[in-house]
Amino acid sequence: MVYKMVTLIPESMEARAPYHLLTSIAAPRPIAWVSTISVEGVPNIAPFSFYNAVAGFPPTIMFSISYRVRTKPKEKDTLRNVREVGEFVSHVVDEEMAGAMIKTSADYPYGVSEFEIAGLETLPSMEVKPLRVARAPVAMECHVTQIIPVEGATNVMILGKVLRFHIREDLYRSNGLVDTMRMKPITRLGGPVEYAKIGELFHLKIPILNHEPGS
């Protein structure tokens, strides 16, 4: 069966349309709830859904920050803090923490602590300066390894090496994996208000190929 397709060229679309279309295609996306700290010692936390793991060893994650562009490009607090301090903590957002997470997504003035606004209980980190969210199911303390501007975009990609994992004890399985279904992470879909809960679990096995001589 051949499906009828809609074909779109980004340069011919309205200004924000390619962004909204892409975020509805690249979905569901995990959310990095990133805490940082300023050089003055003011804590900050904000969610980012352009986020994923990029390397297993050393364990490395990335998230992407966009400049504010309402008038002229302005560096967000998270980007300023990772540039100046070089550290962050990335948390998993579960269903229970969704309401607090969305409170921290607003564009507050520099120097305002989103931890206080969202009423988040904190814990000190062990390897880095930024605080941890006490009730987050998973937290990863990270050292910034690369800050890469995305060519032609208002986004900057942050790469961080995980220095320490903090995992809620009931989620850590004997096989060294997290029980993702029990963790109940929320994910981002398209548009400004669409989120999703984790769905059905199923398993697929990678085919084992026969590489014997003459095969």
Side-chain angles (χ1 to χ4, degrees), residues 10 18-19 22-23 25-69 73-94 97 101 104-105 107-108 110 114-115 120 122-133 136-167 171-172 176-178 180 183 185-190 195:
Y19 163 78
L22 178 61
T23 57
I25 294 170
R29 299 186 308 284
I31 299 169
W33 203 11
V34 177
S35 66
T36 58
I37 194 166
S38 70
V39 291
E40 296 83 12
V42 179
N44 176 273
I45 187 166
F48 299 91
S49 61
F50 284 175
Y51 153 70
N52 221 307
V54 294
F57 193 84
T60 303
I61 63 175
M62 67 74 61
F63 68 99
S64 175
I65 305 173
S66 178
Y67 279 86
R68 302 187 187 103
V69 290
K74 180 182 177 184
E75 197 169 67
K76 289 186 177 180
D77 297 350
T78 300
L79 181 54
R80 181 186 304 184
N81 291 348
V82 295
R83 284 190 192 280
E84 295 179 351
V85 179
E87 298 172 342
F88 65 91
V89 181
S90 179
H91 306 82
V92 170
V93 182
D94 62 11
M97 303 295 293
M101 178 276 294
T104 67
S105 66
D107 187 8
Y108 298 104
Y110 183 71
E114 291 83 358
F115 283 96
L120 293 171
T122 62
L123 290 171
S125 295
M126 302 177 73
E127 310 288 344
V128 299
K129 297 182 182 69
L131 299 171
R132 292 191 283 132
V133 176
V138 172
M140 295 176 285
E141 299 184 24
C142 299
H143 167 71
V144 176
T145 56
Q146 293 170 270
I147 299 177
I148 306 169
V150 179
E151 184 175 351
T154 60
N155 288 68
V156 178
M157 183 172 64
I158 311 298
L159 289 166
K161 182 173 72 172
V162 180
L163 303 179
R164 185 179 291 265
F165 296 93
H166 300 276
I167 302 164
L171 299 177
Y172 190 65
L177 305 178
V178 161
T180 310
M183 185 169 64
I186 63 168
T187 58
R188 186 78 187 273
L189 302 181
Y195 292 80

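Along the sequence shown, the residues carry numbers beginning at 1.
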Donor-acceptor pairs under 3.5 angstrom involving side-chain atoms of residues 41-63: please list them, not counting sequence neighbours.
residue	atom	partner	partner atom	Å
Asn44	OD1	Thr78	OG1	3.3
Asn44	ND2	Glu114	OE1	2.9
Asn44	ND2	Glu114	OE2	3.1
Ser49	OG	Arg29	NH2	3.2
Thr60	OG1	Pro58	O	2.9

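Taking both residues in full, the closest heavy atoms of Glu141 and Met126 are given as OE2-N, 2.9 Å, listed atom of the first, atom of the second, then distance. Scanning both residues, Ser64 and Asn155, for their nearest heavy atoms gives OG-ND2, 2.9 Å. Taking every heavy atom of both residues into account, Lys129 and Val85 meet most closely at CD-CG1, 4.3 Å. Closest heavy-atom contact between Thr145 and Gly160: OG1-N, 4.0 Å. Taking each heavy atom of His143 and Gly86 in turn, the nearest pair found is ND1-O, 3.6 Å.
At distances below 3.5 Å, at least one donor-acceptor pair connects side-chain atoms of Ser35 with backbone N or O atoms of Leu131. Put simply, the side chain of Ser90 never gets that close to the backbone of Met140: no donor and acceptor are under 3.5 Å apart.
Counting only heavy atoms from C-beta outward, the side chains of Trp33 and Leu120 approach each other to under 4.5 Å. Side-chain contact between Phe88 and Val144: present, with at least one pair of heavy atoms (C-beta onward) separated by less than 4.5 Å. In this structure the side chain of Val138 never reaches within 4.5 angstrom of the side chain of Asp94, judged on heavy atoms. Taking the side chain as every heavy atom from C-beta outward, Thr36 and Arg80 never approach each other to under 4.5 Å. For the pair Ile186/Met101, a side-chain contact is recorded, criterion being any heavy-atom separation below 4.5 Å from C-beta on.
By the side chain to side chain contact (heavy atoms under 4.5 Å, CB included) test, Ala136 is found to be paired with His91, Val133, residues two or more places apart in sequence or in another chain being considered. For the side chain to side chain contact (heavy atoms under 4.5 Å, CB included) test, residues two or more places apart in sequence or in another chain that qualify with Val178 are Ile167, Leu171, Met183. In this structure Ile148 satisfies the side chain to side chain contact (heavy atoms under 4.5 Å, CB included) test together with Gln146, Met157, Leu159, sequence neighbours excluded. Residues satisfying the side chain to side chain contact (heavy atoms under 4.5 Å, CB included) criterion with Glu40, sequence neighbours excluded, are Ser38, Tyr110.
Note on residues 153-164: pairs passing salt bridge (Lys or Arg N to Asp or Glu O under 4.0 Å), not counting sequence neighbours, are Glu127-Arg164.
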| field | Full working for side chain to side chain contact (heavy atoms under 4.5 Å, CB included) between Arg83 and Ile147 | value | CA-CA 8 Å; Arg83 284 190 192 280; Ile147 299 177; 3.9 Å; yes
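To the nearest 0.5 Å, the span separating NZ on Lys76 from CG on Asn81 amounts to 13.5 Å.
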